[in-house]
Amino acid sequence: MEQYLQESIRQALTEIGLNEDQIPDIQIEKPRDPSHGDAATNVAMQLAKPLRSNPRKIAEQLVDELDLDPARIKSTEIAGPGFINFRFAEDYIYNELAQIIEKGDEFGKSDGNAGIKALVEFVSANPTGPLTVGHGRNAVLGDTVARLLEWTGADVQREYYFNNAGRQMRLLGQSVQARYLQELGKDADFPEDGYEGEYITDIAKDLVQELGDSLADESVEKRFKEKAETAIFEDIQQTLKRLNIEMDSFFNEQTLYDNGAIDETIKTFREKEMAYDEDGAVWFKTTKFGKDQDTVLVKSTGEPTYRLPDIAYHANKLDRGFNLCLDVFGADHIDTYPDVVNGIEVLGYNSEKVEVLVYQFVTLVKDGKPYKMSTRKANFVTLDELMDDVGEDVTRFFFLMRSPNTHLEFDVARAKEAGEKNPVFYLQYAHARIQSILRKVSSMADFSEQPDLSVLTHTSEISLIKKLLDFPDAVALAAAHREPHRLITYLNELASDFTSFYHDCRIIGEPENLMHARMVLAQATARVLANGLTILGISAPDRM
RNA sequence: GCGCCCGUAGCUCAACUGGAUAGAGCAACUGCCUUCUAAGCAGUAGGUUUCAGGUUCAAGUCCUGACGGGCGUACCA
C-alpha cells in the first residue's frame with residue numbers, strides 16, 4: 001500500500017511538471033489521530049519551499065492529478081497545513097484480512113533484509129560464573145533482534161564469543177583450587193580478587209567427589225580451570241535453553257591465536273605503520289583516528305590486550321562472508337567499538353558491515369536501593385533465580401519492553417510480585433481468550449464456506465482489522481531499528497483493540513454470517529498475537 | 001578534564017526519517033461480573049517534555065550552552 005501511494009504520488013508530481021530531481025523522498029505515514037485517515041503524506045509541505053508556493057495549493061494541484069484505484073483508496077483530502085490524508089477502501093481491508101488467515105504463521109514476514117547474511121554476536125560472557133540479570137538483557141535482546149532479522153528476510157547466525165585464557169580464567173582456576181583444598185581440610189589461601197561465589201565451592205565439591213584428594217598436589221591450576229569451565233559452560237547453556245535461546249556457534253578466542261590471525265593482524269598493522277613498539281609494548285596509533293591516546297595491543301608481558309583479538313575476530317567474521325556483523329554490547333564496552341572499526345579498516349575491510357547495538361545498564365534495585373552487582377564478589381541475582389521466581393516468559397518480556405537505549409530499572413521485589421499484573425499476561429490473556437471462544441464457536445455451525453467479511457462494520461471491528469494489517473510494518477520497523485520494544489508497543493495496542501472489540505461485539509449467538517465473519521477476525525487476531533509473541537520468544541498459551 | 005548515553009504525568013516508560021490535540025502501564029478516584037475468560041472494560045484526575053537560546057511551514061525529536069544522572073576514559077575483560 002505504502003509503495004502504491006508513493007508511486008501514484010510520484011506520477012502525479014511528474015504530471016504537474018516536476019522533474020526527477022525536484023521530487024523528494026515521498027514519506028507515507030500513519031497519522032496518530034485516526035480522524036486524519038489511514039495514511040498521510042507531507043510531500044506538499046516539503047515542496048512548499050523549493051517551489052515558493054503555498055503548501056495547500058500544491059496539495060490541491062497534486063490531488064487533482066492523483067489517479068488512485070477506488071478499490072484501494074476510498075477518499076483523499078487535504079488537511080491542516082498541507083497534509084494529504086488517504087482513507088482505505090473497505091474492500092481492500094477485507095481482502096487483506098482474509099490474507100492473514102491464508103498466510104498463517106508466515107504473516108508478518110517481509111523481505112526488506114533479504115540477501116543479508118547476518119552474524120549476531122551476543123551474550124559472549126566468559127565462563128567465570130552463572131549468567132546474571134545483567135547478562136539477561138544482552139541475551140534476550142540479541143536473540144530477539146536475530147528473530148526480527150529473520151522475519152524480515154535475513155539469514156542469521158547466532159554466535160557466542162568467549163575467551164578461556166587470560167587472567168580472569170586463571171583466577172577462576174585458582175579459586176576452585178583453593179576451595180578444593182579447603183574441602184579436603186587443608187590450609188589454602190583464597191586468591192585475592194578470587195571468585196567468591198558458592199558455585200565455586202560446588203565445583204570443588206564435585207571434584208572431591210569424583211577424584212578424591214588425587215589433585216591435592218597439583219601445582220598448576222589448569223585442571224581446576226578446565227573443570228570449572230566445563231561446569232560453568234554447562235550451566236550457561238542450560239540457562240540459555242531455558243530462555244529459549246539457541247546459539248548456532250561458539251567461537252573461542254584461542255582459535256585466533258592457533259590459526260595465526262593474531263600474528264597476521266599485528267604484521268599488517270606494522271606494515272601499514274599503524275602499530276609501533278614503545279616501553280616493551282605494541283601500540284595501535286588510535287590518535288590517527290581522533291582518540292586522545294594510542295592504545296596498547298600487546299602488553300610488555302607479551303600478552304595481547306582484548307582489543308587485538310577483537311579486531312582479528314571481526315576480520316574473521318567478515319572473512320566468513322557475513323555482510324552484517326551485529327554486536328550486542330553493554331554501555332561499558334562502547335569504547336572498544338571505534339577501535340574495532342578502525343582496526344578492521346586498517347586490515348582493509350569495509351567497517352560499514354559492522355554494527356553495534358548498545359544497551360544501557362540494568363540497575364538492580366533491592367530493598368528500594370540500587371544494588372551493585374559483581375560476578376567476582378558473588379553479589380548477583382542469576383537469571384535462573386529470576387526465572388524461578390517470575391517465569392521464562394516474564395523474564396524475556398521484561399528485558400524487551402524498554403528501549404535498549406534507556407536504563408532498565410529492575411526492582412527485584414516488584415518483579416517477583418509481578419505475577420498477575422505483569423504486562424506480558426495482557427498479551428497472553430488476549431490470546432487465550434480468543435482460543436477459548438474459538439473452541440466454543442467451532443462446533444456451532446458449518447464454517448467451511450468463505451465468509452462474507454463485509455458485515456464487519458462496527459468501529460471496533462474496523463479499528464481492529466486495520467491494526468492487524470499494521471503488523472508486518474511493526475515487525476519491519478522494530479527490525480530496522482533493532483528495537484524489539486517497538487513490537488511490544490504494537491502488540492499492546494493490538495491486544496487493547498481486541499479487547500474493545502470483545503466488549504462491543506459478541507461472536508457466539510449472533511446470526512451465522514456475522515458469527516462467521518467475527519470468528520475469522522478473532523482467528524486473525526490470535527494469529528498475529530501468536531506470531532508477535534513468537535518473535536519475542538514468548539509463549540502464546542491457549543488457556544490461562 | 002574529555003568522550004558516549006539519558007533527562008517526558010507522583011513512579012516505570014512510549015512517541016517512526018522533525019509532522020496535526022505528547023500517549024500507555026502502575027499508583028489514586030468513580031462505575032461495571034445471571035451473556036464468548038473481570039489476568040478485563042468504561043470514565044476522572046495527573047504535563048511549561050530539566051532550563052535558556054537557535055534552526056524552520058512545523059521541535060519531546062535537530063544545533064549551541066547550562067544544570068542533573070549513568071557509563072567510559074588501564075600494559076583489566
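So you know, we letter chains A, B, ... as the sequences are listed, proteins then strands, and number each from 1.
Nearest nucleotide to the side chain of Leu477(A), out of C75(B), A20(B), C16(B): C16(B).
A salt bridge does not link Glu159(A) to Lys317(A): none of the charged side-chain nitrogens sits closer than 4.0 Å to a carboxylate oxygen. Ion pairing between Lys57(A) and Glu60(A) fails under the 4.0 Å rule for side-chain N and carboxylate O. Ion pairing between Asp470(A) and Lys30(A) holds under the 4.0 Å rule for side-chain N and carboxylate O.
Aromatic pair Phe269(A)/Phe284(A): centroids less than 6.0 angstrom apart.
For a distance-only test at 3.5 Å, the side chain of Asn42(A) qualifies as a donor-acceptor partner of the base of G19(B).
Computed from coordinates, the Met169(A) CE to C76(B) P distance equals 18 Å when rounded to whole Å. The CG-P distance, from Asp470(A) to C16(B), rounds to 15 Å in whole Å.
Residue whose closest nucleotide on RNA chain B sits further toward the 5' end, between His481(A) and Arg402(A): Arg402(A).
For A14(B), the OP1/OP2 oxygens have a side-chain nitrogen or oxygen of Thr406(A) closer than 4.0 Å.
Contact annotation for Glu493(A): no contact, since no heavy-atom pair falls under 4.0 Å across all strands.
In C33(B) the base sits syn relative to the sugar, since the glycosidic angle is no further than 90° from 0.
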